[in-house]
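Okay, structure first, notes after.
Residue numbers begin at 1 in each chain, while the letters A, B, ... track the order of the sequences.
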There are 2 protein chains.
Amino acid sequence: MPGGRPRSFDADAALDRALEVFWRHGYEGTSLTDLTTAMGINKPSLYAAFGNKEELFAKVLARYLDGPGAYTADALDASTGREVVEQLIHGAVDLTAGQNTPHGCLCVNSVHARGPDAHTVRQDAIAVRKAGEAALRRRLEQATDLPSRYEPAALAALIHTISDGIAVQAAAGRSHDELRQIGDSALRALLD
Amino acid sequence: MPGGRPRSFDADAALDRALEVFWRHGYEGTSLTDLTTAMGINKPSLYAAFGNKEELFAKVLARYLDGPGAYTADALDASTGREVVEQLIHGAVDLTAGQNTPHGCLCVNSVHARGPDAHTVRQDAIAVRKAGEAALRRRLEQATDLPSRYEPAALAALIHTISDGIAVQAAAGRSHDELRQIGDSALRALLD
DNA sequence: TAAGTTTTATACCTATCGGTACGTTACCTC
DNA sequence: GAGGTAACGTACCGATAGGTATAAAACTTA
């Protein structure tokens, strides 16, 4: 019964190309032409496979979280609270100032897409951020080795804020080395 | 010799309207129609008075720094290093989560304008950020009341990073009260 | 009042935006 | 092979982007 012409491209590879472009140029700075060129497909194929620009972005964001952004979930598996925090800060530096990837964080970028057509995208990014911080807070509630001056919710919010700052710094052109120093300063301030 | 039809609008007031729009919707999310509508003038008047969109943005950014963003320069006049830092963090919270202004920071937003037409804007924003951090570093070098574990350059970079994070959090919708708590947590981590 | 000057408003320009209609091509099943 | 099905490439859509030509309007100076 089924059949039809087979797809001439790999959907996951195409998503990775789209991720590259959205990450580097932002949602509003990326045109469909940019996307189809990078993905090696044309517009009807894009729409058939991924939906419109907003839906494609949602799929790209999910792939980002599962790939480059997976360190945020992985860090929660560390055995001590300190290690969780260290992995989050160092992971943010490595992600946002990587050598082979655009500088900055796709999710932080997307919060700043505030044009009329980017509403859904921004809401998606905000939802992801909220979920991530809630998971961190729950993890920190289990930790027993963190300075007692913090409530878990406050520490989670602060770590999240510092990660955001690292992403901005990376997007503004700071080098990985400089960011690593900033991250280490932050860890000392937080944990010592 | 001179003369000519007098301008029917106040240039500074028009710039303030443009600032509102750019701040709320971002450089790439703001169209010329948005601008002319908010400013109450039409396109030829805008071009004659302020140049093209990029030049207008540069003027708006300067006005932002002289107005809402002036707290960054004012803070450097505080008498102690601790006060400098406190004013910077609290000022960032008040600026980016103000009741009567858009949430977020115009300068941080603009770093995330990464489309092909926003190159100049992004460079302008980055230059402003660099200058601000250098001024902070110089001020911190004069301070004698800050924890000795920091080098001034590292502390300036860390404060700047935390301010950026606050701006992102505000842009993502955090309330002023929550941000104030985050800022206070950060100050304790930095200064205690 | 006439000349000169600058701003105003309208109407328009080209390029590009996101999105789609449609006919062709390539595959699977029978 | 024939028929059905789905992806392909091209060519196009209306809307809007940033930017401008042009001429009427409002002022100053002489």
Side-chain angles (χ1 to χ4, degrees), chain A residues 1-15 17-19 21-22 24-61 110 113-124, chain B residues 1-15 17-18 21-22 24-61 110 113-122 124:
Chain A
M1 207 69 70
R5 181 172 176 171
R7 208 171 252 166
S8 67
F9 62 93
D10 179 64
D12 283 338
L15 270 186
R17 305 290 190 86
L19 168 56
V21 178
F22 275 132
R24 188 175 301 280
H25 296 116
Y27 181 78
E28 292 172 318
T30 299
S31 71
L32 284 186
T33 303
D34 294 333
L35 290 167
T36 54
T37 300
M39 299 166 87
I41 64 181
N42 38 39
K43 283 191 267 188
S45 297
L46 190 157
Y47 276 80
F50 307 108
N52 66 13
K53 194 185 175 189
E54 285 185 343
E55 293 170 310
L56 170 61
F57 183 87
K59 291 180 171 65
V60 162
L61 182 58
S110 306
R114 301 178 81 166
D117 301 333
H119 188 248
T120 307
V121 162
R122 182 159 171 270
Q123 292 309 119
D124 288 350
Chain B
M1 207 75 68
R5 181 171 177 170
R7 212 171 248 163
S8 66
F9 62 93
D10 180 64
D12 283 339
L15 270 185
R17 306 288 189 86
V21 178
F22 274 134
R24 187 175 304 280
H25 297 115
Y27 180 79
E28 292 172 318
T30 300
S31 71
L32 284 188
T33 303
D34 295 333
L35 289 167
T36 53
T37 300
M39 299 166 88
I41 64 181
N42 38 39
K43 284 192 265 187
S45 297
L46 190 157
Y47 276 81
F50 306 108
N52 66 14
K53 193 184 175 189
E54 285 185 343
E55 293 169 310
L56 170 61
F57 183 86
K59 291 179 171 66
V60 161
L61 181 59
S110 306
R114 301 178 81 166
D117 301 333
H119 188 247
T120 307
V121 162
R122 182 160 171 269
D124 288 351

Distance check, rounded to the nearest 0.5 Å: [X] atom [atom1] versus [Y] atom [atom2]?
| X | Y | atom1 | atom2 | answer |
| --- | --- | --- | --- | --- |
| B:L46 | B:M39 | CG | CE | 4.5 Å |
| A:K59 | A:L15 | NZ | CG | 8.0 Å |
| A:R114 | A:R122 | CZ | CZ | 4.5 Å |

Nearest-Å distance, [atom1] ([X]) to [atom2] ([N])?
| X | N | atom1 | atom2 | value |
| --- | --- | --- | --- | --- |
| B:R7 | C:dA9 | CZ | P | 13 Å |
| A:N42 | D:dG9 | CG | P | 4 Å |
| A:L46 | C:dG19 | CG | P | 10 Å |
| A:K53 | C:dT16 | NZ | C1' | 12 Å |
| A:Y47 | C:dC17 | OH | C1' | 10 Å |
| A:K43 | D:dG9 | NZ | P | 14 Å |
| B:R5 | D:dA26 | CZ | P | 5 Å |
| B:D117 | C:dT14 | CG | C1' | 14 Å |

**Report entry** Lys/Arg cation over aromatic B:F22: B:K53, 6.0 Å, 45° cone
**Finding:** no
Report task. Would you indicate which nucleotide in C:dT20, D:dT20, C:dT25 comes nearest to any side-chain atom of A:P44? Result ->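 Looking only at heavy atoms from C-beta outward on A:P44, the closest nucleotide is C:dT20.
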Report task. Not counting sequence neighbours, which residues clear side chain to side chain contact (heavy atoms under 4.5 Å, CB included) with A:D117? List them please. Result -> none
Query - Sequence-distant partners of B:T120, side chain to side chain contact (heavy atoms under 4.5 Å, CB included), two or more places apart - result: B:E54, B:D124
Query raised in the report: Which residue, B:P6 or B:N52, contacts DNA chain D at a nucleotide closer to its 5' end, judged by nearest heavy atom?
Result: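 Between the two, 5'-proximity favours B:N52.
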**Report entry** Along DNA chain C (nearest heavy atom to each residue), the more 5'-positioned of B:A48 and A:E54
**Finding:**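 Nearest-nucleotide comparison on DNA chain C picks B:A48.
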Query raised in the report: Given side chains that start at C-beta, do those of A:L35 and A:I41 come closer than 4.5 Å, heavy atoms only?
Result: no
Report task. Please check the phosphate of C:dT7 (OP1 and OP2 only) for any side-chain N or O of B:S8 closer than 4.0 Å. Result -> no
Query raised in the report: When you measure from every atom of DNA chain D, which of residues 26-41 of chain A have a heavy atom less than 4.0 Å away?
Result: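 Here the set is empty: none.
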